[in-house]
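In this chain, numbering begins with 1 at the start of the sequence shown.
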Amino acid sequence: FDVRRPLLGLPSIVTKNHARLKRKMSDIQIELAASPFNAYMGPPRPDLLVVAGGLAFLYAREAVTELGLEERVGILKLGAVHPFPEGLAVEALGRCERALVVEQVEPFIEEGLRIVHSVHAAELGARTILGKGSGHIPGVGEVDTDTVLHALKEIFGAGADDDGVV
């Protein structure tokens with residue numbers, strides 16, 4: 001907070017500050033695009049893209065490994081989600097037809113991914129985005145490895161066999 005700058009809600013000041021904020025957010029978005037906080041791991045053309053942030057990323061990675069799906073499922077780890085990493089999301093959505101969003105509490109990432117898809121629908125084509133909105137991830141309560149295991153088994157059809165492979 002800079003006490004030398006006025007904090008009045010006058011249109012001339014608000015407009016300048018809004019423009020400054022938009023430039024800062026754009027700069028941050030560019031910087032975060034190259035950040036290790038946000039990264040894709042998995043096959044070049046997965047059957048399913050899992051998008052997860054925070055602790056949900058660890059649950060997703062554990063579930064994918066437990067089911068032996070490393071060659072079929074890609075994971076987009078989002079460690080910084082605001083501003084939403086639009087370029088990375090477009091690139092990841094371009095890899096596959098379906099995405100499962102795994103996150104705690106509110107579907108912030110899922111909604112961000114849906115917005116990015118709608119903005120880039122002409123270049124991406126139809127994509128199915130699964131998560132809390134589709135009921136694959138519960139809308140309330142804790143998300144854990146078992147939650148992701150259940151969702152992956154539902155998406156890939158019959159449950160895992162005795163070896164854990166779907």
To the closest 0.5 Å, what do you measure between [atom1] ([X]) and [atom2] ([Y])?
X: Arg72; Y: Leu67; atom1: CZ; atom2: CG; value: 10.5 Å
X: Leu48; Y: Leu69; atom1: CG; atom2: CG; value: 8.5 Å
X: Leu32; Y: Met25; atom1: CG; atom2: CE; value: 9.0 Å
X: His82; Y: Ile28; atom1: NE2; atom2: CD1; value: 8.0 Å
X: Leu113; Y: Glu110; atom1: CG; atom2: CD; value: 8.0 Å
X: Glu97; Y: Leu124; atom1: CD; atom2: CG; value: 10.0 Å

Validation row: [X], [Y] side chains within 4.5 angstrom (heavy atoms):
X: Tyr40; Y: Pro46; value: yes
X: Leu93; Y: His117; value: yes
X: Leu76; Y: Val50; value: no
X: Ile75; Y: Arg61; value: yes
X: Tyr59; Y: Thr147; value: no
X: Leu149; Y: Glu66; value: yes
X: Val116; Y: Val90; value: yes
X: Arg98; Y: Arg127; value: no

- Message: Under a 3.5 Å distance rule, please check whether Glu103 uses its side chain to pair with a backbone N or O of Phe108 as donor and acceptor.
- Response: yes
Do [X] and [Y] land in one hydrophobic cluster if side-chain heavy atoms of ILVMFWY residues count as linked below 4.5 Å?
X: Leu100; Y: Leu55; answer: yes
X: Ile137; Y: Leu58; answer: yes
X: Phe84; Y: Phe57; answer: no

Would you say that more than 12 heavy atoms from the other residues, nucleotides or ligands in this model lie under 6.0 Å from the [atom1] of [X], or not?
X: Glu123; atom1: CD; answer: yes
X: Glu154; atom1: CD; answer: yes
X: His136; atom1: NE2; answer: yes

- Message: Show the nearest heavy-atom pair for residues Ala80 and Pro85, with the distance to one decimal.
- Response: O-CD, 4.0 Å
- Heavy-atom closest pair (Met41 atom, Lys77 atom, distance to 0.1 Å) is CE-CB, 4.4 Å
- The single option from Val148, Ile109, Leu152, Leu130 that satisfies side chain to side chain contact (heavy atoms under 4.5 Å, CB included) with Val102 is Val148
- Message: Using the rule given for side-chain contact (heavy atoms from CB on, under 4.5 Å), can you reason through Lys132 versus Val101, listing the C-alpha separation, both sets of side-chain angles and the distance that settles it, and then say yes or no?
- Response: CA-CA 8 Å; Lys132 292 183 182 217; Val101 181; over 6 Å; no
